[in-house]
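One structure below.
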Amino acid sequence: MSKVFIIAEAGVNHNGSVELAKKLIDVAVEAGVDAVKFQTFKAEKLVSKNAGKADYQKETTDKKESQFDMIKKLELDLDTHKELIAYCKTKNTMFLSTPFDHDSIELLDDLGLEIFKIPSGEITNLPYLRHIGKLAKKVILSTGMADMGEIEDALDVLINAGTKKENITILHANTMYPTPMEDVNLRAMVTIGKTFDIAFGYSDHTLGIEVDIAAVAMGAVCIEKHFTLDKTMQGPDHKASLEPDELKAMVKAIRNIELSLGSGIKKPSKSETPNMQIARKSIVAKVTIKKGEILSEENLAVKRPGNGINPMRWDEIIGTIATKDYGEDEMI
């Protein structure tokens, strides 16, 4: 990727409302992201009726409500998918969605999605991985809760099923909302990239934007971040999401870091070249020097500006004969 691919993760923060989903797309587009991602699932195929909620979900939703009832309200049907894809096209941004079951994989494939995002929870789901691998699309694989062996196994399944390795990007992640800073372990992101010789990035669940910026500085080619219209809204993920101004600040910071990383070749930049004569120094006469005198440490000095003889030639000049008269501070 020529630039960092920024995914604004709307997820289920639309609260089941198409209008709210469109507002989220508007916010993401204004912030300058590359893609807006939702989630595609059928509650009946994702969780059993008696599955409990995560602790963070209990804090942000009705405690009496089951996980099934919570996510059932957050489903997006086929028509809604089509409407949101069309809306993203009018806004010139990419629509993405994470499938959580086989029917959802088929639905998104039929809708022509170019990139398939695999969530952390499915990294050990062999039939699911094989299904996506067979599509031979671009894949972004999140690795929250996984160790290196599980990442290797998932990669093998995807590649053996038909997905090219060069079409896979692996995201380091931590599946805690929000993630404590001491659990981020951002160096593991680089370890993943080096170990598997693969494109890498970071899916972030920390509060704030500094870890995303650090990830880009460390070589991430893809950043994924949850966002919402308002952190105080009812729903499982709003609290650990960025608000519009924060999302905008994150994108701006990432683009600046991206620019600042440069080519890696150390040489004078275009902007600083004019300052070289001003900031550097030349060999000059410390005192009046007559033609024929020997140039020495007693009658030479090093002063600005830098458009004369480079002081790195000091030893070469010392001991030579003055070929003309020099006034004080005159360049040799």
Side-chain angles (χ1 to χ4, degrees), residues 7-21 24 36-81 84 96-108 113 116-132 140-147 150 154 171-180 183 203-207 224-243:
I7 302 170
E9 167 70 273
V12 294
N13 283 346
H14 51 76
N15 288 1
S17 161
V18 179
E19 292 312 308
L20 190 53
L24 285 163
V36 187
K37 191 176 79 63
F38 293 89
Q39 295 179 8
T40 303
F41 55 84
K42 284 288 181 188
E44 289 82 2
K45 301 199 172 177
L46 179 56
V47 299
S48 57
K49 296 284 199 315
N50 57 359
K53 292 181 183 177
D55 287 341
Y56 77 87
Q57 292 173 336
K58 292 175 185 174
E59 291 176 14
T60 54
T61 60
D62 184 353
K63 289 186 176 69
K64 298 173 188 173
E65 179 184 58
S66 68
Q67 184 183 164
F68 178 88
D69 291 335
M70 175 185 76
I71 69 166
K72 183 65 182 171
K73 298 183 296 190
L74 302 172
E75 285 181 358
L76 299 175
D77 62 20
L78 176 59
D79 288 340
T80 302
H81 277 78
L84 294 180
L96 292 179
S97 190
T98 298
F100 283 84
D101 54 73
H102 292 283
D103 287 354
S104 297
I105 294 171
E106 288 298 321
L107 183 149
L108 293 175
L113 257 67
F116 272 75
K117 168 68 202 303
I118 298 173
S120 295
E122 306 300 332
I123 197 168
T124 57
N125 185 345
L126 191 149
Y128 171 102
L129 294 170
R130 189 173 283 152
H131 191 165
I132 287 181
I140 297 173
L141 173 67
S142 271
T143 60
M145 305 173 289
D147 60 30
E150 289 170 330
L171 303 187
H172 174 53
N174 180 293
T175 309
M176 182 60 194
Y177 301 77
T179 301
D183 286 347
S203 179
D204 187 32
H205 301 125
T206 64
L207 297 175
E224 178 183 70
K225 185 78 171 183
H226 280 266
F227 78 109
T228 181
L229 298 182
D230 184 346
K231 290 181 184 181
T232 64
M233 291 175 79
Q234 188 76 8
D237 294 340
H238 293 286
K239 191 177 177 183
S241 301
L242 296 181
E243 289 188 339

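- Here the straight-line distance linking atom CG of Asp103 with atom NZ of Lys45 works out to 3.0 Å at 0.5 Å rounding.
- Put simply, OG1 on Thr80 and CD on Glu75 are 10.5 Å apart, with the number rounded to the nearest 0.5 Å.
- Across Gly16 and Leu74, no two heavy atoms sit closer than the pair N-CD2, 4.1 Å.
- Looking at heavy atoms from C-beta onward, Asn15 lies in side-chain contact with His238 at the 4.5 angstrom threshold.
- For the atom pair NE2 of His226 and NZ of Lys37, the computed distance is 6.5 Å after rounding to the nearest 0.5 Å.
- Under the 3.5 Å distance criterion, the side-chain polar atoms of Ser97 are matched with a main-chain donor or acceptor of Gln39.
- A heavy-atom distance below 4.5 Å is not found between the side chains of Leu129 and Leu126.
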- Message: Test side-chain contact (heavy atoms from CB on, under 4.5 Å) on Phe38 and Val36; report intermediate values, then the result.
- Response: CA-CA 7 Å; Phe38 293 89; Val36 187; 3.8 Å; yes
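- Leu76 is not listed as a side-chain neighbour of Thr40, based on a closest heavy-atom distance of 4.5 Å or more.
- Ser17 places no side-chain N or O within 3.5 Å of a backbone atom of His14 that could act as its donor or acceptor partner.
- Between Thr232 atom OG1 and Glu243 atom CD the span is 7.0 Å, to the nearest 0.5 Å.
- Shown here for Met176 and Thr179, the closest heavy-atom pair between the two residues is O-OG1, 2.8 Å.
- Once rounded to the nearest 0.5 Å, the distance linking CG of Asn174 with CG of Asp183 reads 5.5 Å.
- Looking at Asp204, its side chain does come within 3.5 Å of a backbone N or O of Thr206 through a donor-acceptor pair.
- Checked by atom type and distance alone, the side chain of Asn13 pairs as donor or acceptor with a backbone atom of Phe227 at under 3.5 Å.
- Side-chain contact between Met145 and Thr124: absent, with no pair of heavy atoms (C-beta onward) separated by less than 4.5 Å.
- With hydrogens and angles ignored, the 3.5 Å screen pairs a side-chain donor or acceptor of Glu150 with a backbone N or O of Asp147.
- Every residue meeting the side-chain contact (heavy atoms from CB on, under 4.5 Å) condition with Leu78, not counting sequence neighbours, appears here in chain and number order: Lys82, Leu107, Leu111.
- Taking the six-membered ring for Trp and thresholds of 30 and 60 degrees, Phe41 and Phe100 have ring planes more than 60 degrees apart, a perpendicular arrangement.
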- Message: What verdict does the side-chain contact (heavy atoms from CB on, under 4.5 Å) test give for Ser142 and Glu224, after you've listed the backbone C-alpha separation in whole Å, the side-chain angles of each residue and the deciding distance to 0.1 Å?
- Response: CA-CA 10 Å; Ser142 271; Glu224 178 183 70; 4.2 Å; yes
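- Residues Thr143 and Ile123 have side chains in contact (heavy-atom distance under 4.5 Å, counting atoms from C-beta outward).
- By the 6.0 Å contact criterion, NZ on Lys231 is enclosed, its count of non-hydrogen atoms from other residues, nucleotides or ligands being greater than 12.
- Taking 4.5 Å as the limit, some side-chain heavy atom of Asp237 sits within range of a side-chain heavy atom of Val12.
- The closest donor-acceptor contact from the side chain of His205 to the backbone of Ala173 lies at 3.5 Å or more, if one exists at all.
- Thr175 and Gly144 make their closest contact through OG1-CA, 3.4 Å (heavy atoms, listed as atom of the first residue, atom of the second, distance).
- Glu122 is not listed as a side-chain neighbour of Ile132, based on a closest heavy-atom distance of 4.5 Å or more.
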- Message: Assess the residue pair Ser66 and Lys49 against the criterion (side-chain hydrogen bond (donor to acceptor under 3.5 Å, both in side chains)); give the C-alpha distance rounded to whole Å, side-chain angles, the decisive distance to 0.1 Å, and a yes or no.
- Response: CA-CA 8 Å; Ser66 68; Lys49 296 284 199 315; over 6 Å; no
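- Every residue meeting the side-chain contact (heavy atoms from CB on, under 4.5 Å) condition with Ala240, not counting sequence neighbours, appears here in chain and number order: Tyr177, Pro178.
- To the nearest 0.5 Å, atoms CG (Leu108) and NE2 (His81) are separated by 5.0 Å.
- Tyr128 places no side-chain N or O within donor-acceptor distance of the main-chain N or O of Ile105, the cut-off being under 3.5 Å.
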